[in-house]
Amino acid sequence: MLEAHRAGLLGRQHWLRNLVAGIIVGVVALPLAMAFAIASGAKPEQGLYTAIVAGLVVSLCGGSRLQIAGPTGAFIVILSGITARYGMAGLQLATLMAGAMLLLFGLARLGTVIKFIPDPVVVGFTSGIAVIIWVGQWKDFFGLPAVSGAHFHEKLWQLLQALPHWHPATTGVALLALLITLLAPRVRLLQRVPGPLLALLAATTLQAVFEFHGVATIGSAFGGIPRGLPPLTLPEISLSAVITLIGPAFTIAMLGAIESLLSAVVADGMAGTRHDANQELIGQGIANLLTPLFGGFAATGAIARTATNIRNGGSSPLAGIVHALTLIAILLVLAPLAVHIPLAALAAILFVVAWNMSELPHFAQMMRRAPRADVAVLLVTFTLTVFADLVVAVNIGVILAILQFLRRMAASVEVAQQGEPELAQELTRLGLPALPPGVQVYAVEGPFFFGAVENFERALASIHADPRVLILRLKWVPFIDITGLQALEEAIHALHKRGVRVILSGANTRVQSKLQRAGVLDQIGQEYCVADFEAALALCAAQVAPLPVHAHAWLEASRQYLARHVRHAAPAGQENDDA
């Protein structure tokens, strides 16, 4: 809100278009909020409470001026599982705890870190959630009896067995709602009216007029929607419940953070804005702290509603505030009419939501074009999301992606001997015809971390004839970890036992300070860690003897360089020209 105020977007000239956008988004949010609530195991009015509170708070406190928050499809799988196991009170307490975690994430400035989750993992679990939502709505779409089962494959098998007993009237209402949702945006006169709203109105009117027998409605399933806003109520909190719900709460917090930041990125791409990731997490945290106090549950940034806001002219948080006020007005005025809303119509709307979430074209494109390792991460994440658990899927997907990244990083690190052809330019600059006898040069290119140690050890093991001096060039090493330091220390110790003098050259300030702290410089001698390759060659003058006739030019150049530079060499830890 403050950023929008500084940008001058709260002026009267911006009121009308944000008012219109907010009303449209509020109307779009009405069926979605109820559908997401029912699919999550909550009452339909609780979805409206969530959209109202979260929409207001995120618009006022979030880091994106265009974000619309509320219940989302991505949460359905997680929240329905929590509700089934711990009840609505457990879900609200988990939401409260997740809000506190999100707030801490934002205060700790972790917003940019969370965005580093690889795209195959995000697409994999999003598509997996879409499949679960789609199958989970078969019951209400076809009017099937309730099914049980702890796992997806068990529920799927029971639903397939129950399909021959589908209810014709329920399925007819659902198909009508599905067709209207899909086709309304293609009709010119109806393009400005949200398809889900038209589907909801048509199905509700049809059921109210004909009262089809056996068609489940909000009235028959939940007794309708109470008119008015809920009272402020603090969820029951106990230490044992908090400990039990830490895992589910962390899952809500992580998924909420990912979803809200993805939505903010989409908004930036559509409107050319820039969001504050940490402030967005703070806003989402406050929203999830407050929604359970008003009968709601977990909320996050809603990509579809945020995109609708932008497409309809929304440019400031005023649109999000108006969206919440629109839902309040609907709740106060039209709540009694909700008794006729068929659950089949809401299931049809969720069918469309699941299709949009699946990102099937993007999924198929990634399968065709991505490297095989990324395809494997995508498929593993998708499969585990559907058949195991979303948390397990994301954890394993991220771990596999990290291991693949480390493998690629390790493969990119080169440790190789440099001969006279590779060093010709530097030798010419020094006026030397060749490397001095008894000197070998090895260069490490890339981060010297645990994944690169094997390459380093293999390269040094390939030395057949021991040189008098080994120059190890660290000029292209951006950083070194403890495993790399230990490998270097062991290699130097082995080389010293064989009578080989080791000179380190070109280490940058950061690497040099770590070498100092690890005791490597004391092991080789402080004077044998030099600023650049020329200084290393100069030091070789004292290590190699006798010299053949062709090396006298090298000896003279080395002595001159030693006189100019080595006596005034920078102490360890100080920046150098070759770093």
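These values consider heavy atoms only, across backbone and side chains, with no hydrogens, waters or symmetry-generated copies.
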- Task: Could you tell me which non-hydrogen atom of Val530 sits nearest to which non-hydrogen atom of Ala535, and how far apart they are?
- Result: CB-CB, 3.8 Å
- Task: Could you list all the ring pair (Phe, Tyr, Trp, His ring centres under 6.0 Å) pairs where at least one residue sits in residues 490-521, not counting sequence neighbours?
- Result: none
Identify all side-chain donor-acceptor contacts of residues 245-262 below 3.5 Å with residues at least two apart in sequence or on another chain.
{"residue": "Thr251", "atom": "OG1", "partner": "Gly247", "partner atom": "O", "Å": "3.0"}
{"residue": "Ser260", "atom": "OG", "partner": "Gly256", "partner atom": "O", "Å": "2.9"}
{"residue": "Ser260", "atom": "OG", "partner": "Ala257", "partner atom": "O", "Å": "3.1"}

- Parallel under 30°, tilted from 30 to 60°, perpendicular over 60°: which one fits the rings of Phe387 and Phe152? perpendicular
- Using only heavy-atom distances, determine whether the side chains of Asp268 and Thr273 contain a donor-acceptor pair under 3.5 Å. yes
- In Å, rounded to the nearest 0.5 Å, how long is the span from CE of Met367 to CG of Leu378? 6.5 Å
- What's the spacing between Thr83 OG1 and Phe297 CZ if we round to 0.5 Å? 8.0 Å
- Message: Using the rule given for side chain to side chain contact (heavy atoms under 4.5 Å, CB included), can you reason through Thr483 versus Phe448, listing the C-alpha separation, both sets of side-chain angles and the distance that settles it, and then say yes or no?
- Response: CA-CA 9 Å; Thr483 309; Phe448 200 163; over 6 Å; no
- Taking Ser358 for the side chain and Trp355 for the main chain, is one N or O donor matched with an acceptor at less than 3.5 Å? yes
- Asn455 (side chain) donor-acceptor with Ala411 (main chain) under 3.5 angstrom: no
- Query: Is any side-chain heavy atom of Leu515 closer than 4.5 Å to a side-chain heavy atom of Leu488?
  - Reply: yes
- In this structure, CG of Asp532 is separated from OG of Ser505 (nearest 0.5 Å) by 7.0 Å
- Message: Any side-chain to backbone donor/acceptor pair from Arg501 onto Leu495? Under 3.5 Å, distance only.
- Response: no
- Query: Hey, are the side chains of Arg311 and Met270 touching, using non-hydrogen atoms and a 4.5 Å cut-off?
  - Reply: yes
- Task: Mind listing the closest non-hydrogen atom pair of Glu457 and Ala487 along with its distance?
- Result: OE2-CB, 4.3 Å
- Message: Quiz question: by atom type and distance under 3.5 Å, do the side chains of Gln526 and Asp522 form a donor-acceptor pair?
- Response: yes
- Query: Is the charged tip of Arg473 near the ring of Tyr442: under 6.0 Å from the six-membered ring centre and within 45° of its axis?
  - Reply: no
- Okay, side chain of Ser80, backbone of Gly41: is any donor-acceptor separation there less than 3.5 Å? no
- Evaluate the side-chain proximity of Ile76 to Ile129: yes if any heavy-atom separation is below 4.5 Å, no if none is. no
- Query: If only atom types and distance count, is the side chain of Asn288 paired as donor or acceptor with the main-chain N or O of Ala100 below 3.5 Å?
  - Reply: no
- Task: Sorted by first residue and then second, give each side chain to side chain donor-acceptor pair (under 3.5 Å) pair with at least one member in residues 148-159; sequence neighbours left out.
- Result: none
- Query: Just checking, is any N or O donor in the side chain of Glu422 or Gln417 under 3.5 Å from an acceptor N or O on the other one?
  - Reply: no
- Message: Within this structure, what is the CG-CD1 distance for the pair Leu281 and Ile286, rounded to the nearest 0.5 Å?
- Response: 11.5 Å
- Any side-chain heavy-atom pair from Leu504 and Val520 closer than 4.5 angstrom? yes
- In terms of heavy-atom contacts, Leu350 and Ala39 come closest through CD1-CB, 3.9 Å
- Query: Counting N and O atoms only, with roles assigned by atom type, does the side chain of Glu445 sit under 3.5 Å from a partner on the main chain of Val477, one being a donor and the other an acceptor?
  - Reply: no
- Note on the structure: What one should report as the nearest heavy-atom pair of Leu91 and Ile82 is CA-CG2, 3.9 Å
- Check: Gly296 main-chain N/O paired with Thr291 side-chain donor or acceptor under 3.5 Å: no
- Enumerate the residue pairs fulfilling salt bridge (Lys or Arg N to Asp or Glu O under 4.0 Å) with a member in residues 390-417, sequence neighbours excluded, ordered by first and then second residue. Asp374-Arg408
- Message: With side-chain contact (heavy atoms from CB on, under 4.5 Å) as the test, pick out the partner of Val392 among Asn395, Ile396, Leu390.
- Response: Ile396
- Query: Going by the side chain to side chain donor-acceptor pair (under 3.5 Å) test, which pairs reach into residues 117-137, not counting sequence neighbours?
  - Reply: Asp119-His362
- Do Glu280 and Ser64 have side-chain atoms, one donor and one acceptor, less than 3.5 Å apart? no
- Close side-chain approach of Ile402 to Leu406, heavy-atom, < 4.5 Å: yes
- Item | Worked verdict on Val500 versus Val469 for side chain to side chain contact (heavy atoms under 4.5 Å, CB included) | CA-CA 6 Å; Val500 179; Val469 178; over 6 Å; no
- Taking atom CZ of Phe479 and atom NZ of Lys514, what is their separation to the nearest 0.5 Å? 7.5 Å
- Sub-3.5 Å donor-acceptor pair from the side chain of Asn278 to the main-chain atoms of Leu107, do we have one? no
- Query: Taking the six-membered ring for Trp, are Phe382 and Phe125 ring centroids under 6.0 Å apart?
  - Reply: no
- Between the CD1 atom in Ile503 and the CD1 atom in Ile471, the distance rounded to the nearest 0.5 Å is 5.5 Å
- Message: If I compare all heavy atoms of Pro467 with all of Gly438, which pair ends up nearest, and what's the gap?
- Response: CB-O, 3.5 Å
- Should we say atom CD of Glu454 is surrounded by more than 12 heavy atoms from elsewhere, each under 6.0 Å from it? no
- After noting the C-alpha distance and the side-chain angles of Phe456 and Leu472, does the key distance pass the side chain to side chain contact (heavy atoms under 4.5 Å, CB included) rule? CA-CA 11 Å; Phe456 178 73; Leu472 192 59; 4.0 Å; yes
- Item | Test item: Leu470 and Leu460 side chains (from C-beta on) under 4.5 Å apart, heavy atoms | yes
- Between Thr385 and Ala393, which heavy-atom pair has the shortest distance, and what is it? OG1-CB, 3.1 Å
- Query: Is a side-chain N or O of Thr306 found less than 3.5 angstrom from the main chain of Gln67, in a donor-acceptor match?
  - Reply: no
- Who are the ring pair (Phe, Tyr, Trp, His ring centres under 6.0 Å) partners of Phe449, not counting sequence neighbours? none
- Heavy-atom check, side chain of Arg305 versus side chain of Thr72, under 4.5 Å: yes
- Item | Val353/Phe36 under side chain to side chain contact (heavy atoms under 4.5 Å, CB included): CA gap, chis, key distance, verdict | CA-CA 10 Å; Val353 170; Phe36 293 149; 3.9 Å; yes
- Side chain to side chain, Thr381 and Val123, heavy atoms closer than 4.5 Å: no
